[in-house]
Amino acid sequence: DWSSDVCSSDLINPIAWSPNGKLFVGQIGEPDAVWMVDVDAGTAPRKVIDKAGHLNGFAFGRDGRLYAPLWERDGIVAVDTEKGTTTVVASELGFPSAVKIDADGQLISSDWLSGDICRTDPATGRSQIVASTTPPLDNVALGADGTRSEEHTSELQSRFGISYAV
């Protein structure tokens with residue numbers, strides 16, 4: 001049931017709305033699952049993935065797949081939310097902590113340990129570091145105009161024109 005399986009957990013992180021208006025809720029740590037909530041239908045939540053891999057900071061791509069960092073496992077996965085399957089789309093990214101999608105449909109990820117912000121092509125898995133800041137770096141946000149926001153350093157703002165929040 002929703003209240004005992006999901007809402008009573010203090011480990012709800014992250015959440016994301018799908019393009020078709022469904023709410024996806026992750027549980028990092030145990031029980032390590034991703035749930036779909038159809039708020040409009042009022043039906044019971046559906047477990048999409050069990051033992052998901054401690055997915056954190058996820059976002060939906062243009063292709064309708066849910067992209068998530070493999071926390072502590074060096075990569076990014078694409079989740080097929082209908083089938084409940086994951087596909088590794090990028091690896092060798094260090095300790096990715098969050099994934100967002102930019103205006104070009106590219107994946108923007110933050111690295112907790114290094115402070116790097118990477119841009120990854122979801123079709124090829126090729127990644128490049130686009131900025132670095134002082135770690136730890138938990139998350140990154142993208143503005144409608146394409147600017148990235150993170151929590152740490154003014155170096156990014158002056159060097160790359162990136163806004164940041166304290």
Side-chain angles (χ1 to χ4, degrees), residues 2 5-7 9 11-29 31-112 116-131 137-151 162-163 165:
W2 173 247
D5 288 341
V6 180
C7 284
S9 173
L11 301 173
I12 293 176
N13 178 24
I15 62 172
W17 290 97
S18 69
N20 64 356
K22 306 295 188 274
L23 177 64
F24 285 79
V25 178
Q27 294 173 298
I28 195 164
D32 187 22
V34 175
W35 297 80
M36 187 276 296
V37 181
D38 188 338
V39 177
D40 294 329
T43 56
R46 174 178 62 88
K47 189 181 286 187
V48 175
I49 303 172
D50 196 23
K51 305 298 179 201
H54 306 289
L55 306 183
N56 189 40
F58 51 52
F60 279 90
R62 291 180 175 175
D63 58 5
R65 297 190 299 173
L66 183 63
Y67 289 92
L70 287 170
W71 185 254
E72 300 179 352
R73 293 195 355 232
D74 194 29
I76 296 173
V77 294
V79 179
D80 182 320
T81 59
E82 292 301 315
K83 296 178 184 174
T85 58
T86 61
T87 304
V88 176
V89 295
S91 59
E92 299 183 24
L93 294 175
F95 201 107
S97 54
V99 175
K100 302 298 184 252
I101 314 300
D102 73 10
D104 297 323
Q106 302 296 293
L107 311 178
I108 304 296
S109 61
S110 53
D111 185 311
W112 174 263
D116 291 340
I117 297 174
C118 290
R119 188 171 199 240
T120 301
D121 182 334
T124 66
R126 288 191 200 112
S127 299
Q128 66 178 8
I129 296 171
V130 295
L137 185 55
D138 182 56
N139 213 324
V140 63
L142 302 177
D145 62 356
T147 57
R148 290 176 294 274
S149 177
E150 47 81 34
E151 296 179 356
I162 297 171
S163 62

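Side-chain atoms are counted along with the backbone in the values below, which use heavy atoms only and exclude waters and symmetry mates.
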(message) Looking at His54, is its backbone amide N or carbonyl O close enough to the side chain of Asp32 to form a donor-acceptor pair, meaning the two atoms are under 3.5 Å apart?
(response)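 Checked: pair present.
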(message) For a side-chain contact (heavy atoms from CB on, under 4.5 Å) check, start with the C-alpha distance between Met36 and Leu23, then their side-chain angles and the critical distance, and finish with the verdict.
(response) CA-CA 6 Å; Met36 187 276 296; Leu23 177 64; over 6 Å; no
Any heavy-atom pair between the side chains of [Y] and [X] that's under 4.5 Å?
X	Y	answer
Asp104	Arg119	yes
Gln27	Trp35	yes
Trp112	Pro96	no
Val48	Phe24	yes

(request) Please list, chain by chain and in numerical order, all residues satisfying side-chain contact (heavy atoms from CB on, under 4.5 Å) with Ala98, sequence neighbours excluded. (result)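 Applying side-chain contact (heavy atoms from CB on, under 4.5 Å) to Ala98 gives Lys100, Ser110, Asn139.
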(request) Please test Thr120 against Arg126 for side-chain contact (heavy atoms from CB on, under 4.5 Å), starting from the C-alpha separation and ending with a verdict. (result) CA-CA 6 Å; Thr120 301; Arg126 288 191 200 112; over 6 Å; no
(request) Could you tell me which residues satisfy side-chain hydrogen bond (donor to acceptor under 3.5 Å, both in side chains) with Asp50, sequence neighbours excluded, listed by chain and number? (result)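 Testing Asp50 for side-chain hydrogen bond (donor to acceptor under 3.5 Å, both in side chains), a comparison that skips the adjacent residues, returns none.
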(message) List the residues meeting side-chain hydrogen bond (donor to acceptor under 3.5 Å, both in side chains) with Ser18, not counting sequence neighbours, and say none if there are none.
(response)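 Scan of Ser18 (side-chain hydrogen bond (donor to acceptor under 3.5 Å, both in side chains), adjacent residues dropped) gives Asn20.
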Measuring from [X]:[atom1] to [Y]:[atom2], what's the distance to the nearest 0.5 Å?
X	Y	atom1	atom2	answer
Ser109	Ile117	OG	CD1	9.0 Å
Leu93	Asp116	CG	CG	9.5 Å
Glu92	Cys118	CD	SG	11.5 Å
Ser97	Asp138	OG	CG	5.5 Å

Acceptor/donor pairs from residues 81-90 side chains to any protein atom, 3.5 angstrom cut, sequence neighbours excluded:
none

(request) For residues 52-71, pull every pair meeting salt bridge (Lys or Arg N to Asp or Glu O under 4.0 Å), keeping only residues two or more places apart or in separate chains. (result)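 Of all non-adjacent pairs touching residues 52-71, those that pass salt bridge (Lys or Arg N to Asp or Glu O under 4.0 Å) are Asp63-Arg65.
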(request) Scan residues 19-29 for pairs that pass salt bridge (Lys or Arg N to Asp or Glu O under 4.0 Å), counting only residues two or more places apart or in two chains. (result)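 Those involving residues 19-29 are Lys22-Asp38.
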(request) Go through Val79 and Tyr67 one step at a time and tell me if the side-chain contact (heavy atoms from CB on, under 4.5 Å) criterion holds. (result) CA-CA 6 Å; Val79 179; Tyr67 289 92; over 6 Å; no
(request) Please report the closest heavy-atom contact between Gly53 and Arg73, naming both atoms and the distance. (result)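 Shortest heavy-atom separation between Gly53 and Arg73 comes out as CA-NH1, 3.3 Å.
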(request) Output, in order, the C-alpha distance, side-chain angles, deciding distance and verdict of side-chain contact (heavy atoms from CB on, under 4.5 Å) for Val34 and Val25. (result) CA-CA 6 Å; Val34 175; Val25 178; over 6 Å; no
